[in-house]
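Lettering follows sequence order; numbering is per chain, from 1.
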Amino acid sequence: LDETLTKETGIVFVGVPHAGKSTYLALLYLAIANGQSASTGLGSHLDDREFVNRMAGRLYRCEQMPRTETGRLDSLRLSIVLSNGDQDSLFVPDLSGEIWSDVLAERSWSPEMHTLVANAAGVCIFANVSDFHEDPTIADSQLAASALGQSYVSEQGGRIVASQRRSTQVELVDLIQVVTSEMQGVRKRVSVILSAFDTVEDETPAEWISMNAPMLEQYLRVNATWLDSRVFGVSAQGGSFENASDVVDLQELDPLARGWVKDSNGAVIDVDVPTLWAMRNG
Amino acid sequence: LEGFDPVTECPNTSPAEGEDAVRESVDEKVESLFAEITDDLDRDLVNSDLQSASPVRLEIGGDQSLNVQEASSLAARSSATVILVAGEAESGKTTLLVELYAQFLLGAFADWSFGGSETLVALERRHAAARASSGRIVPTTERTQDEDMRFLHFRLGKNGSIREVLVSDLRGELFENVRNGADVRDQVPVAIRADKSIVLVDGEQLIKPGTRGAALFHLRQLVGGLVGPGGVRPNSPLAIICAKADMLPAAVRDEVHTRLSAMAEEFGNRAEKPAVFILTARSDDATTSRASLKALFEWMIASDDATARNVQYQNSLGDRQFWREPPIGRNLD
């Protein structure tokens, strides 16, 4: 265990597997390192960037971020210069989605994880809109089948099973509750990052949350007295890397030309805004 | 060399060049694979260290209903409204709670919004058998198994104000004992702390005249036991509810409403005459169940400021203390 990892104040990226954390991290690094689509610049060229360079390489080549993609640093750690000229440091440990799944399933975490979260300057919580699990009720499913003139048949063929996964909106509320309950300070900040947002048509991130995650929307609104939150839409890849013909088209573009971040109203903003805002520099 | 596999097939490549290219290509692949494998190992080690290297695990909670101590602590720091939900086994107590929770999955309900829960996963678990992912084709609710006093928690918000609500989730057998004459202080010791109480009767038992009379007789006995010495306070609001009302023909439903209203009159010596609700918490018609739940929820969430005044609060029951002193500003003494 990297001893410094739990002692530094950083931004904690929270999300279950495939939520888009690593891909956004790679785009964030490219934006800052290139001084493009970012309000911050690189403050030093002395940081160890092997890990993020490797991830950025995948983004250039339009390769999916593997589940375990990381390096010896296990984090993004950069010296940055803010738009007002101030120096700061950006530290984002690259926690795997499995860790968060494990925390939710086991309802416990290690003291090291606890310390990491307790020291966090802010939190970015990720959800992949193309993998957003709704977990409908039987009544809703029956109604849907009836509307199609069909009788309802369960996906499990009548076999009663213990549900393996909760709805994503409940997972997100759960994660925010867990993480913010341990963060220090009276007011806390959470950037809600909706990844793969290029798959959404004609909806702003705020509209999408209202439509697809109404419990999360309520939670953020009700707790606004102590919890500052903003919702962002991110397309870190600029499209899908699964289809070969799409990849050929995407490879024609630089990652920073095809990737983008939108604010809650759908306006394109700098790539680093969700992170900087979470660490109170945005 | 692109498009030629093996690359020696390329007419522009000499044999030696082709071999070199193959060697380089293989070397690159091996190097890349090796890098990925070592990366995987590094990542797995660091991440697994972070989550599980220490034998010490810190609980994050949320997956169990609250016991009395936990509920007491929450009530003391947040002035939570405590609602006792009473009824015999399978009368629909837990279904009522999970269907209320399910409304907030869809959006704000009766102008109140969901602000979180200390028992979020416990609520989810209770709702699981009504989800398509359960594999069931008919929604159901698992019976409450906890032997002790348990509570589910809702944090709700409206126009900038927050209301904490603790709702009991108790086994029906406890209430059957009360109905049979057992002391409510022994069976349901939290009854005296309830700011509001709900007593349910299973609508399914009211369909046939033969079972209807017995079910209503049992209900009257249960209400009588609950409002007896050491039970729910005389000035805390009480609701008498016919659950699963969608199972009743309209005429029977009307008759049940009349008889429950008469029962409410019988217990009219309370500060407030008990309210009566005909409830369909879960049905094929979501509009019906939502409207039915809304009326009851509005009664549950209505300000209990009036109730909080003049309460003869007891923080000690025998040698057992169940609730901390209420916070300053809430006059319960």
Side-chain angles (χ1 to χ4, degrees), chain A residues 1-2 5 54 66 68-72 74 93-96 98-99 102-103 106-114 116 135-143 152-167 169-170 173-174 177-178 181 214-215 217-219 221-223 225, chain B residues 35-36 38-54 56-64 102 104-108 113-118 120-121 124-125 127-140 155-158 160 162 282-286 289:
Chain A
L1 175 67
D2 185 341
L5 202 61
R54 203 172 330 109
T68 52
E69 172 72 40
T70 190
R72 287 182 296 274
D74 203 36
D94 186 38
L95 303 175
S96 76
E98 280 78 6
I99 278 193
D102 185 50
V103 168
E106 299 297 324
R107 310 309 298 177
S108 66
W109 54 12
S110 66
E112 290 82 1
M113 273 288 287
H114 173 264
L116 193 68
D135 201 7
T137 63
I138 295 168
D140 287 341
S141 301
Q142 285 172 332
L143 277 177
Y152 173 64
V153 180
S154 82
E155 285 182 13
Q156 289 76 16
R159 194 166 42 87
I160 295 169
V161 296
S163 185
Q164 296 299 309
R165 188 178 169 192
R166 291 176 284 143
S167 67
Q169 67 161 342
V170 174
V173 171
D174 193 10
Q177 285 196 151
V178 168
S181 68
M215 176 172 273
E217 187 276 330
Q218 292 171 74
Y219 180 86
R221 181 162 39 78
V222 168
N223 293 299
T225 50
Chain B
E36 282 193 18
T38 50
D39 289 349
D40 289 353
L41 288 172
D42 285 347
R43 167 64 167 264
D44 287 345
L45 281 172
V46 173
N47 276 306
S48 65
D49 284 354
L50 198 53
Q51 175 61 349
S52 61
S54 169
V56 179
R57 302 283 293 185
L58 305 176
E59 301 291 327
I60 61 171
D63 58 333
Q64 302 291 328
F104 293 104
L105 292 169
L106 305 173
S113 295
F114 184 80
S117 171
E118 302 285 321
L120 181 63
V121 180
E124 272 285 297
R125 196 174 290 150
H127 192 233
R131 300 255 175 78
S133 57
S134 70
R136 297 173 190 274
I137 55 171
V138 176
T140 185
R155 182 174 299 116
L156 304 169
K158 180 182 176 183
I162 301 283
R282 179 183 287 159
S283 80
D284 295 340
D285 180 1
S289 53

Evaluate the criterion salt bridge (Lys or Arg N to Asp or Glu O under 4.0 Å) for residue pair B:Arg57 and A:Asp102; output intermediate values, then yes/no.
CA-CA 12 Å; B:Arg57 302 283 293 185; A:Asp102 185 50; 3.8 Å; yes

Evaluation steps, side-chain contact (heavy atoms from CB on, under 4.5 Å), between A:Arg166 and B:Val121
CA-CA 9 Å; A:Arg166 291 176 284 143; B:Val121 180; 3.7 Å; yes

Given that the side chain runs from C-beta out, which part of B:Leu120 has a heavy atom under 4.5 Å from chain A: side chain, backbone, both or neither?
side chain

Is B:Ala129 in contact with chain A via its backbone, its side chain, both, or neither, using a 4.5 Å heavy-atom distance?
backbone

Give, as side chain, backbone, both or neither, the part of A:Asn223 having an atom under 4.5 angstrom from any heavy atom of chain B.
side chain

B:Glu124, part contacting chain A, at a heavy-atom distance under 4.5 Å:
side chain

Interface residue of largest heavy-atom contact number with chain A, from B:Ala102, B:Gly62, B:Ser117, under 4.5 Å
B:Ser117

Any side-chain heavy atom of A:Ile138 within less than 4.5 Å of one from B:Ser134?
yes

Below 4.5 Å from any heavy atom of chain B, which atoms of A:Val170 appear? Answer side chain, backbone, both or neither.
both

Going by heavy atoms in the side chains, are B:Leu105 and A:Gln169 under 4.5 Å from each other?
yes

Could you check whether any side-chain heavy atom of B:His127 comes within less than 4.5 Å of a side-chain heavy atom of A:Thr137, counting everything from C-beta outward?
yes

A:Tyr152 side, atom OH; B:Ile137 side, atom CD1 - distance, nearest 0.5 Å:
8.5 Å

Measuring from atom OG of A:Ser110 to atom CG of B:Leu58, what distance do you get when rounded to the nearest 0.5 angstrom?
7.5 Å

Would you confirm whether A:Gln218, through its side chain, and B:Gly115, through its main-chain N or O, come within 3.5 Å as a donor-acceptor pair?
no

Relative to chain A, which segment of B:Arg155 carries a heavy atom at a distance below 4.5 Å: side chain, backbone, both, or neither?
side chain

Is there side-chain contact between B:Phe114 and A:Val222, with heavy atoms separated by less than 4.5 Å?
no

Taking all non-hydrogen atoms of both residues into account, name the closest pair between A:Ser141 and B:Ala132 and its distance.
OG-CB, 3.4 Å

From A:Asp135 atom CG to B:Arg131 atom CZ, the distance as rounded to the nearest 0.5 Å:
4.5 Å

One should read off an interatomic distance between B:Asp63 CG and A:Arg107 CZ, to the nearest 0.5 angstrom, of 5.5 Å

